[in-house]
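Take a look at the structure set out below.
This is a predicted model, so every value here is computed, not measured. This chain uses plain numbering: 1 for the first residue, then up along the sequence. Counting starts at 1 for both ligands and their atoms, following the listed order.
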Amino acid sequence: MSTWQDKIRQVVPYVPGEQPQIKDIIKLNTNECPYPPSPQVKKAIAEYDESQLRKYPSFACRELKAALRKTYPVTDDMLFLGNGSDEVLALCFLTFFNSDKPVLFPDITYSFYDVWCDLYNIKYKTVPVNDKFEIVPQDYFGENGGIVIANPNAPTSICMPLESIEEILRHNRDVIVIVDEAYIDFGGVSAVSLLDRYDNLAVVQTFSKSRALAGIRVGYAMAGKPLIDALEAVKNSFNSYTLNSLSQAAAAAAANDTKYWQECCGKIKATRTRLIGELSALGFDTLPSSANFIFTTNKDINAAELFEYLRSKGVIVRYFNKPRISGYLRISIGTDAETDRLVQEIKAFLGK
Ligand code: PMP
């Protein structure tokens, strides 16, 4: 006999890193920025007129788009804003991937991509990264129903040069290529400069990492007008007001303060270089990172055990018990003081 239970959609969701509400932990597991957002954000929130909250937010997002235009060579109709880049990416998958052929993405990458494919019944095929964990452009030249590449990739932290992204685009003129640039500001070169030559490109970025606003949930896609129009139509068939007005004001303030943003990225890059050096002296091999996290391994130790040990000491990093990467830890770059504590705890684990 059929029951209501049979009619419920069953999905296996994406599982983000934990957000423990314990004081004094060192949280290096979800690639948040260790520094606060720009002081201009505080000011924008303080000056926000709460009487505006009675109204629906503007879906034109003019102020925020104007702020983004200061940094990126795009027009308003080339910008699509959403509630975190996760939502923007989810809508991109729904809008752009409608083919009998499989969508391609690397076997080691952001683990939300297969969740969205399963959610929307999009066929997909994962393409193995090489033994240095690099994405090989030629592997994306065959027939497919679309491509999504995280650049820098996560959790490997490795960035592809712009020429490789362009090679993939050149061989895939008849499908949409999404480049997920959540971590681009920490050392990569954005594909945004390719937008005027490739009408099949969508570049997705976020305020959650380099602009220290994960809590405010703002992400955006940059693409040609036809792609943005298609995204808007799908979004407006789902929820017209994905981005609340307070988030818009805060994100605009952050985007306008390019100096603070660049300083933050500079500090994170310097700490990353120091951490990689200190770990190397302790026998760790770290993949070349262009992100605000590193992916590191040490052949003499068990990564799961080190993860548990650090956790017991209040230092939370990320461990993925998955094929090919179960020997690695992904560690977000913290402040200098947090990095000192991390290294001290790793030394204690190693008995050094
Ligand atoms: N893409 C990648 C590769 C990520 O690691 C993340 C963060 N988990 C996101 C997108 C989504 O970030 P957000 O929704 O906070 O913009």
Ligand 1 and S208, any nitrogen or oxygen pair closer than 3.5 angstrom? yes
Please tell me whether D180 and Y110 have a donor and an acceptor in their side chains that are separated by less than 3.5 angstrom. no
Considering F293, F207, Y183, which one's heavy-atom position lies nearest to atom 4 (C) of ligand 1? Y183
In terms of its nearest heavy atom to atom 2 (C) of ligand 1, the top option of D180, V204, I216 is D180
V129 side chain near D107 side chain, heavy-atom distance below 4.5 Å: yes
Partner of R311 under salt bridge (Lys or Arg N to Asp or Glu O under 4.0 Å), chosen from E18, E345, E305: E18
Checking a contact table here: which protein heavy atom is nearest [atom], and how many Å away?
{"atom": "atom 12 (O) of ligand 1", "result": "S85 OG, 3.3 Å"}
{"atom": "atom 9 (C) of ligand 1", "result": "Y110 OH, 3.5 Å"}
{"atom": "atom 11 (C) of ligand 1", "result": "D86 OD1, 3.0 Å"}

Are K209 and ligand 1 in contact, using a heavy-atom cut-off of under 4.0 Å? yes
Residues T3, D6; criterion side chain to side chain contact (heavy atoms under 4.5 Å, CB included); working and verdict: CA-CA 6 Å; T3 64; D6 308 329; 3.5 Å; yes
Residue part near ligand 1, for R217, under 4.0 Å between non-hydrogen atoms: side chain
Are the ring centres of F112 and W116 closer than 6.0 Å? yes
Does CZ in F59 sit with more than 12 non-hydrogen atoms of other residues, nucleotides or ligands closer than 6.0 Å? no
Could you tell me which atoms of ligand 1, counted from 1 in the order shown, lie closer than 4.0 angstrom to a heavy atom of G84? 14 (O), 16 (O)
Does K267 make a cation-pi contact with Y35 (under 6.0 Å, within 45 degrees of the axis)? yes
